[in-house]
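Note that the structure is a prediction, hence the values are computed from the model and not measured. Numbering starts at 1 and runs along the sequence shown.
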Amino acid sequence: MKTQINNLKDYAELAQASYFNFDFLNTRNIFELDSNQEKIQEENSLRGYREIKVNLEHIVSQKYKDKKVLIDLRQDNDWQSKILNFFDEKTNFDKLNGEFGELQTKNFIQRYEVQFHQPNTTSGFSATLFGEKRKQIDSKTKEKIYTSEYGYINYILAIRGIEPKEVK
């Protein structure tokens, strides 16, 4: 009975996670923040601040909720690129929407990896395939750790409902 309850809790957590914006995972950037949640300046960057790829922690964590996801800027220095970059930046409303607390985020990213994500189709369908890492006990520290080194113990497909704004 305890196993079934734990499984239901895990599946509910994955169902909740399926509503987060996995479209941005490893494909787009956000500003890197310091310990005070302030953007870190970087002179050589096009935007003047250090950027990092969006990772699983950024996607699921409440700490990054509503943080702007950046559009890739054109690198050349001609006037058309500058104008296009300006309008791209002004019309970009992409944000992260994670809701997991600090401990839940830590446990989630240790245990699961995103294997595949189907972004919204024209009908609003979206799904995410998670791989559950194997649990191992470190022989020295006796600490429980998760690893994907030997494959995954489970694959969980999370299909979310359509987003109402997309229903036509």
### Query
Is there a donor-acceptor contact under 3.5 Å linking the side chains of Glu13 and Gln104?
yes

State, yes or no, whether a side-chain contact exists between [X] and [Y] at a heavy-atom distance under 4.5 Å.
X: Glu132; Y: Tyr112; answer: yes
X: Arg111; Y: Lys133; answer: no
X: Leu129; Y: Val114; answer: no
X: Glu99; Y: Phe20; answer: yes
X: Phe31; Y: Ile40; answer: no
X: Asn29; Y: Ile52; answer: no

#### Entry: Under-4.0 Å salt bridge between Lys63 and Glu102
no

### Query
So, are Arg28 and Asp23 salt-bridged, with charged N and O less than 4.0 Å apart?
no

### Query
Can you check whether Gln118's main-chain N or O pairs, donor with acceptor, with Ser126's side chain at less than 3.5 Å?
yes

### Task
Determine yes or no for a side-chain-to-main-chain donor-acceptor pair under 3.5 angstrom, with Arg160 supplying the side chain and Ala15 the backbone.
no

Starting at [atom1] of [X], measure out to [atom2] of [Y] and round the result to the nearest 0.5 Å.
X: Ile137; Y: Ile145; atom1: CD1; atom2: CD1; answer: 9.5 Å
X: Asn97; Y: Ile59; atom1: CG; atom2: CD1; answer: 8.0 Å
X: Ser18; Y: Leu157; atom1: OG; atom2: CG; answer: 9.5 Å
X: Glu38; Y: Tyr49; atom1: CD; atom2: OH; answer: 9.0 Å
X: Ile156; Y: Asn154; atom1: CD1; atom2: CG; answer: 5.0 Å
X: Ser148; Y: Arg134; atom1: OG; atom2: CZ; answer: 10.0 Å

Joint cluster assignment, [X] & [Y], ILVMFWY side-chain distance < 4.5 Å:
X: Phe22; Y: Ile109; answer: yes
X: Tyr64; Y: Leu25; answer: yes
X: Tyr11; Y: Phe100; answer: yes

Which atoms form the tightest heavy-atom contact between [X] and [Y], and what is the distance?
X: Ala17; Y: Phe108; answer: CB-CZ, 3.9 Å
X: Leu14; Y: Ala158; answer: O-CB, 3.9 Å
X: Tyr155; Y: Gly131; answer: CD2-CA, 4.2 Å

For [X], look at atom [atom1] and say whether over 12 heavy atoms of other residues, nucleotides or ligands are found less than 6.0 Å away.
X: Lys53; atom1: NZ; answer: yes
X: Lys95; atom1: NZ; answer: no
X: Gln41; atom1: CD; answer: no

### Message
Between Leu56 and Glu113, does the side-chain contact (heavy atoms from CB on, under 4.5 Å) criterion hold? Intermediate values first, please.
### Response
CA-CA 8 Å; Leu56 187 56; Glu113 286 182 357; 5.7 Å; no

### Query
Which one of Leu96, Leu70, Asn55 satisfies the side-chain contact (heavy atoms from CB on, under 4.5 Å) criterion with Phe24?
Leu96

### Qualifying residue, where the test is side-chain contact (heavy atoms from CB on, under 4.5 Å) with Val54 and the options are Ile30, Asn21, Thr27
Ile30

### Task
Going by the salt bridge (Lys or Arg N to Asp or Glu O under 4.0 Å) test, name the single residue among Lys39, Arg50, Lys67, Arg47 that passes it with Glu32.
Arg50

### Task
Run the ring-centre check on Phe130 versus Tyr152 and record whether the distance is less than 6.0 Å.
no

